[in-house]
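Letters A, B, ... mirror the listed sequences (proteins, then strands); counts begin at 1.
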Protein chains: 2
Amino acid sequence: MKISELSRSSGVSLPTVKYYLREGLLPPGRAMGRNQAEYGDAHLRRLRLIRALIDVGNLSVAGVRQVLQAVDDGGLQGHDLLGTAHEAIAGTPRADRGTAGWQAARDEAARIVADRGWRVHDRAPALDQLADAIAALRELGQEDMLAMVDGYAEATERLAVQEVGLVLARGDRAAMVEGVVTGTVLGEAVLTALRRLAQEHTSAGLTEPG
Amino acid sequence: MKISELSRSSGVSLPTVKYYLREGLLPPGRAMGRNQAEYGDAHLRRLRLIRALIDVGNLSVAGVRQVLQAVDDGGLQGHDLLGTAHEAIAGTPRADRGTAGWQAARDEAARIVADRGWRVHDRAPALDQLADAIAALRELGQEDMLAMVDGYAEATERLAVQEVGLVLARGDRAAMVEGVVTGTVLGEAVLTALRRLAQEHTSAGLTEPG
DNA sequence: GATAGTGGATAGTGATGCTATCCACTATGC
DNA sequence: GCATAGTGGATAGCATCACTATCCACTATC
């Protein structure tokens, strides 16, 4: 497959394909001459994955690169890969990390996790993100919302068992790796979309006469 | 309170406060003279809300403006406000909407919702987002992940009842409005952070010997 | 009366994610 | 065998976004 065909069959514009090649998101094709290279099905798949991570998962190009490097790192096991994926989707940290209010929220986050008996790395980016959200809720005087935390934790724990089981069920490593990435990023997109729909339905039912 | 004090006590730089004023995110202060205005507690609260939506909720400035306009629109009831919030956080749509694969995914999304008996507006942005994610999963050959959809829907439905109940429990309209916005946006941040932590815990437990 | 600060306007900045153009060269179709 | 379309590679340009900086005439405050 030539680069133009790769572009056509993926729906990604040719300059953009070249851009991804430059940025190292897409591995170079097999060189067939000075100015000719052959791209395969793996490239097409990879290109689709890139677009999904960017469009659906809202990852930055840099985040995608990080994820893909982890995917390509044959030495990485499932669990470490998950950590890398989480780091890549973490995004820019809030400015107020380090203030007293944030530290308190961070402690609260650690306590929530500990109370559940969850064993997570204490430098997990998600802990900081949880602290960000808790700090913001407190700062805004919306602490009553924190009553939801238990429900969220309970639900996500149950779901995580299914999710991890699903990925492990695949058996071979390559498929598991892809499963971790897509499960983490696209699964999140599915979950939040469903959450919004559920909210809409429930809010209509509880606040309207019909 | 003068603008400099507003800046200082919110932690937002003065040029940025001016920028938010220009952009209409922050209402102008009460003019006390040609070049002097008075800002109150409401401005401080609003500024904190803006930062939370931007930093924690990953909203764009335009999205924040949309949300805040809805918040300030006294005529909007709880349910419509929720819709507006969902529109504001929707972001840029995927390019491939309209392809056959996407349409199929969109139909699937509609069916999932219908099977649950959820009554949602059929132009809800979350339906398109769900379709985006489903289409991406199918395109990548990760359809086995769709087995999670039931679990997600079940969980989010249960949570939505609690969430909506929590907001309704507030009684007065202004507090409910703030609750909808923070519950939607910051609640999502809390949920996804917890999801990642739960995954990490579960993955460690199921894939490692310890 | 000096000075620091104000609201308002306008311009500049850095990052990001492409997009466009140019180049020397080559596969391909006639 | 030769025109032409396409190639890999390099470099430059562009639009958007979220600020950030500067300037201004003016005024509150010490």
Value in whole Å for how far the [atom2] atom of [N] lies from [atom1] of [X]:
X       : N      : atom1 : atom2 : result
A:Glu23 : C:dG17 : CD    : P     : 9 Å
B:Leu14 : C:dG8  : CG    : P     : 13 Å
A:Asn58 : C:dG17 : CG    : P     : 11 Å
B:Glu5  : C:dA4  : CD    : P     : 19 Å
A:Arg8  : D:dG6  : CZ    : C1'   : 11 Å
A:Leu59 : C:dC18 : CG    : P     : 12 Å
B:Leu6  : C:dT6  : CG    : C1'   : 13 Å
A:Leu25 : C:dC18 : CG    : P     : 9 Å

Polar pair under 3.5 Å, donor/acceptor by atom type, side chain A:Arg22, base C:dT19 = yes
Do any side-chain nitrogens or oxygens of [X] fall under 4.0 Å of OP1 or OP2 in [N]?
X       : N      : value
B:Arg51 : D:dC19 : yes
B:Ser60 : D:dC17 : no
B:Tyr20 : D:dC19 : yes
A:Tyr19 : C:dA20 : no
A:Ser13 : C:dC18 : no
A:Thr16 : C:dT19 : yes

Listed nucleotide nearest any side-chain atom of [X], set [options]:
X       : options                : answer
B:Gln36 : D:dT7, C:dT26, D:dA28  : D:dA28
B:Val61 : D:dT7, C:dC18, D:dC19  : D:dC19
A:Arg34 : D:dC26, C:dT26, D:dG8  : C:dT26
B:Pro15 : C:dC25, D:dT20, C:dC18 : D:dT20

Side chains of A:Trp102 and A:Thr99: closer than 4.5 Å at any heavy-atom pair?
-> yes
Take B:Ala37 and A:Gly33, find for each the nucleotide of DNA chain C with the closest heavy atom, and name the residue whose nucleotide sits nearer the 5' end.
-> B:Ala37
Who pairs with D:dC30 - Watson-Crick or G-U, where each distance is under 3.5 Å | C:dG1
Name of the residue among A:Arg138, A:Glu139, A:Met145 meeting side-chain contact (heavy atoms from CB on, under 4.5 Å) with A:Gln142 = A:Met145
State whether the number of non-hydrogen atoms from other residues, nucleotides or ligands found under 6.0 Å of A:Arg173 atom CZ is greater than 12.
-> yes
Does the side chain of A:Glu157 pick up a donor-acceptor pair with the side chain of A:Trp118 at under 3.5 Å?
-> yes
If you measure only the distance, is there a donor-acceptor pair under 3.5 Å linking the side chains of B:Arg94 and B:Gln129?
-> no
Heavy atoms under 4.0 Å, any strand shown: does A:Lys18 hit a base, just sugar-phosphate, or nothing?
-> base
The single option from A:Arg45, A:Arg46, A:Arg170 that satisfies salt bridge (Lys or Arg N to Asp or Glu O under 4.0 Å) with A:Glu178 is A:Arg45
Would you kindly compare B:Lys2 and B:Ile54 by the position of their nearest DNA chain D nucleotide and give the one closer to the 5′ end?
-> B:Ile54
